[in-house]
2 protein chains.
Amino acid sequence: MVTKGNAFDPNCPTRTILDRIGDKWTVLVVLSLRSGPLRFTELRDGIGRVAPKVLTQTLRRMERDGLITREVYPEIPPRVVYTLTPMGASLIEPISVITDWAETHVPAITKAQAAYDELA
Amino acid sequence: MVTKGNAFDPNCPTRTILDRIGDKWTVLVVLSLRSGPLRFTELRDGIGRVAPKVLTQTLRRMERDGLITREVYPEIPPRVVYTLTPMGASLIEPISVITDWAETHVPAITKAQAAYDELA
DNA sequence: CCTCGACGGTATCCATTGGTAACTGGCTAC
DNA sequence: GTAGCCAGTTACCAATGGATACCGTCGAGG
């Protein structure tokens, strides 16, 4: 009845992690850092319009989860560099599978939506 | 700079679909329907405590996106059966990749969180 | 009778969250 | 002196998520 794990138990940590991964910004941060470390503003500019507050929240969470590291260089102006940890990098593959699926099915979904709205 | 697609463009449909897939309940609905059609209450009971309103919203969205079908049997008491479409079923694989990742990394993430909170 | 429960939802309300806009501090360049 | 850079933070507000209660219709049970 239940999957191999127990994602159906609300108290299961898998569920929490699933939520985390499913987060819009988390996915985009991972993809952004794919090709190397970035600074805060580089992330902000690379990801189409994120509120800095939200980006900070996302990055802190990801740091806490061990997906990225945050290195602060106490210079003026300040410099903070975010880097994927090996665990964070291991997320690229699963995320790619999802984005591939999404891109493949965009036309079908758009079409389904149009059909649905048609007879509404 | 950008992935194969353009998930970084906020107006890109891929982004919308990504949000959809990332949705907590959508994932659980797909997994629930994996082994066959289910009725509303079966879904509700199978997924650890969902508010009916939220489940309805989720199901309507998924129906609109062409991931599931909704069949109403005008009986008393009413019977409504939800079934994965082929497209919906094609989501099982990608989702499994993610859940596998999540389950594999639960210990590491939990450990990372503990370490982070330790020195906070 | 008449009330109770099954089913597939709505309706209402509140808490949490996502997001916007403005501001901070410290230094450097104009 | 004042404008700007970076990496945020601090209000503040709108939207969303979620809990709870309720609806109509019917057959079953008392």
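Protein chains get the first letters and strands the later ones, always in sequence-line order, with residue 1 at the start of each.
Cluster membership check: B:I68 shares its hydrophobic cluster with B:V72, using side-chain heavy-atom separations under 4.5 Å among Ile, Leu, Val, Met, Phe, Trp and Tyr. Hydrophobic clustering places A:L84 together with A:V80 (ILVMFWY residues linked when any side-chain heavy atoms are closer than 4.5 Å, directly or through intermediates).
Among the heavy atoms of the strands, none lies under 4.0 Å from B:R44. Using a 4.0 Å heavy-atom cutoff across all strands shown, A:Y82 reaches sugar-phosphate atoms only and no base atom. A:V54 comes within contact range of at least one nucleobase, with a heavy-atom separation under 4.0 Å.
Distance CG (B:L59) to P (C:dG9): 8 Å, rounded to an integer number of Å. Following rounding to the nearest Å, A:R60 (CZ) and D:dA7 (P) show an atom-to-atom distance of 12 Å. Distance B:L43 CG to C:dG8 P: 10 Å, rounded to the nearest Å. In this structure, the CG atom of A:L55 is 17 Å from the C1' atom of D:dT10, given to the nearest Å. The interatomic distance linking B:R79 (CZ) with D:dC26 (C1') rounds to 16 Å, in whole Å. If you take CG of A:D19 and P of D:dT16, they are 18 Å apart, rounded to a whole angstrom. If you take CG of B:L38 and C1' of C:dG9, they are 17 Å apart, rounded to a whole angstrom. One can place CD of B:Q57 at 13 Å from C1' of D:dA19, the figure rounded to the nearest angstrom.
Nearest nucleotide to the side chain of A:R70, out of D:dG8, C:dG8, D:dA7: D:dG8. Here the nucleotide nearest the side chain of A:K53, chosen from D:dC12, C:dG26, D:dG8, is D:dC12. Distance from the side chain of B:T41 is smallest for C:dC7 among the nucleotides D:dA7, D:dT25, C:dC7.
The line from CG of A:L38 to CZ of A:R44 is 12.5 Å long, rounded to the nearest 0.5 Å.
B:K24 has a side-chain polar atom (N or O) that falls below the 4.0 Å cut-off from OP1 or OP2 of D:dG18. Dashed line: the shortest gap from a side-chain N or O of A:W25 to OP1 or OP2 of C:dG19 is under 4.0 Å.
For A:P52 and A:D23, each mapped to the nucleotide of DNA chain C holding its nearest heavy atom, the one lying further toward the 5' end belongs to A:D23.
Of the possible polar contacts, one joining the B:T85 side chain to the B:G66 backbone as a donor-acceptor pair under 3.5 Å is found.
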Any chance you could lay out the side chain to side chain contact (heavy atoms under 4.5 Å, CB included) test for A:L43 and A:L59, step after step, and finish with the verdict? CA-CA 10 Å; A:L43 279 168; A:L59 292 170; 3.9 Å; yes
